[in-house]
Amino acid sequence: MWQKAMDLVVETYRLTKTFPSDERFGLIAQLRRASVSVPSNIAEGRGRFGLGGFLYHLSIATGSLMEVETQFLISERLEYLTPSEARKVLERTAEVRRLLAGMVRALRTKQAGAVTR
């Protein structure tokens, strides 16, 4: 999951290099910041003690991922991305989202089991 999120960061940087220079402080900065937030929060949460902290940071990572998806959709509408580029990067975000959701489900199940013991 973390590695896939890291791949998304690299892809985001690669794609935003082609955006208009007047987006340097707009979409480029927003996309880069939000994409970096995804693996950063996964890592921070993993480093926390207790499931609650990990779940909290996975929630933040998921929110940042949703920002990335939205901003790539905006980028496509503004024709900064081709439909093919947008489809590929949105497939990558969907994969990371599925992995995050699976991890959250697994941790919540583990957390519920710990509470009933």
Side-chain angles (χ1 to χ4, degrees):
M1 167 180 58
W2 175 85
Q3 183 60 51
K4 295 288 186 180
M6 292 290 285
D7 294 343
L8 177 61
V9 172
V10 171
E11 184 71 4
T12 298
Y13 271 73
R14 185 187 69 73
L15 288 169
T16 56
K17 280 183 185 178
T18 66
F19 284 21
S21 61
D22 64 337
E23 285 292 351
R24 190 173 70 223
F25 301 111
L27 273 174
I28 293 171
Q30 281 293 109
L31 269 164
R32 289 178 175 185
R33 190 171 21 259
S35 70
V36 166
S37 176
V38 177
S40 298
N41 273 287
I42 293 168
E44 185 173 353
R46 184 65 182 99
R48 297 283 175 159
F49 294 105
L51 292 177
F54 195 10
L55 284 165
Y56 171 78
H57 282 87
L58 291 177
S59 172
I60 300 297
T62 301
S64 294
L65 184 63
M66 300 307 292
E67 284 185 60
V68 170
E69 286 184 350
T70 299
Q71 292 160 7
F72 273 128
L73 288 167
I74 291 166
S75 300
E76 181 184 23
R77 285 184 178 204
L78 293 172
E79 298 180 350
Y80 298 162
L81 296 175
T82 67
S84 174
E85 289 171 324
R87 185 181 69 255
K88 286 178 188 172
V89 74
L90 291 171
E91 286 170 2
R92 189 181 296 271
T93 63
E95 179 181 18
V96 174
R97 188 172 3 94
R98 284 190 299 275
L99 292 169
L100 279 167
M103 178 62 78
V104 168
R105 274 192 306 277
L107 290 173
R108 284 189 177 147
T109 299
K110 187 175 179 178
Q111 190 177 45
V115 171
T116 59
R117 282 190 236 160

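These numbers come from the heavy atoms of this one structure, side chains and all, not from hydrogens, waters or symmetry mates.
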### Query
How far does CG of Leu81 sit from CD1 of Ile74, to the nearest 0.5 angstrom?
11.5 Å

### Task
Can you see which heavy atom on Trp2 is nearest to which on Ala43, and at what distance?
NE1-CB, 4.1 Å

## Note on the structure
Here the gap from Arg46 atom CZ to Met1 atom CE, rounded to the nearest 0.5 Å, amounts to 9.0 Å

### Query
Roughly how far, to the nearest 0.5 Å, is the CD atom of Glu11 from the NZ atom of Lys4?
12.0 Å

## Note on the structure
Glu76 meets the salt bridge (charged side-chain N to carboxylate O under 4.0 Å, His left out) criterion, sequence neighbours left out, with none

## Note on the structure
Rounding to 0.5 Å, atoms CZ (Arg87) and OG1 (Thr82) come to a distance of 8.0 Å

### Query
What is the minimum heavy-atom distance between Ala5 and Val96, and which atoms define it?
N-CG2, 4.0 Å

### Message
Just checking Tyr56: does its OH atom have more than 12 heavy atoms from other residues, nucleotides or ligands closer to it than 6.0 angstrom?
### Response
no

### Closest non-hydrogen atom pair, Val9 against Pro39
CG2-CG, 3.7 Å

### Task
Kindly work out whether a path of hydrophobic side-chain contacts (I/L/V/M/F/W/Y, heavy atoms less than 4.5 Å apart) joins Phe19 to Leu90.
yes

### Query
Can you tell me how far the OG1 atom of Thr93 sits from the CD atom of Glu91, to the nearest 0.5 Å?
9.0 Å

### Trace of the side chain to side chain contact (heavy atoms under 4.5 Å, CB included) decision for Asn41 with Leu58
CA-CA 7 Å; Asn41 273 287; Leu58 291 177; over 6 Å; no

### Query
Where is the tightest heavy-atom contact between Tyr80 and Glu85, given as atom of each residue plus distance?
O-OE1, 4.4 Å

### Task
Could you tell me whether the side chain of Leu65 reaches within less than 4.5 Å of the side chain of Leu8, counting heavy atoms only?
yes

### Task
Find out if a path of hydrophobic residues (ILVMFWY) with successive side-chain heavy-atom gaps under 4.5 Å connects Tyr13 to Val89.
no

### Message
Using side-chain heavy atoms (C-beta onward) and a distance below 4.5 Å, is Glu44 in contact with Arg48?
### Response
yes

### Task
Walk me through it: do Asp7 and Gln3 pass the test side chain to side chain contact (heavy atoms under 4.5 Å, CB included)?
CA-CA 6 Å; Asp7 294 343; Gln3 183 60 51; 3.1 Å; yes

#### Entry: Heavy-atom closest pair, residues Ser64 and Ala34
CB-O, 3.6 Å

### Summary
Value for CZ (Arg32) from CG (Leu15), rounded to nearest 0.5 Å, stands at 10.0 Å

### Query
Crowded around Glu79 CD? As in, over 12 foreign heavy atoms under 6.0 Å?
no

### Query
Of all heavy-atom pairs between Leu107 and Leu55, which one has the smallest distance, and what is that distance?
CB-CD2, 3.8 Å

## Note on the structure
side-chain contact (heavy atoms from CB on, under 4.5 Å) with Gln71: of Leu27, Ile28, Thr12, only one passes, and it is Leu27

### Query
Does Val38 belong to the same Ile/Leu/Val/Met/Phe/Trp/Tyr cluster as Met66, with side-chain heavy atoms less than 4.5 Å apart forming each link?
no

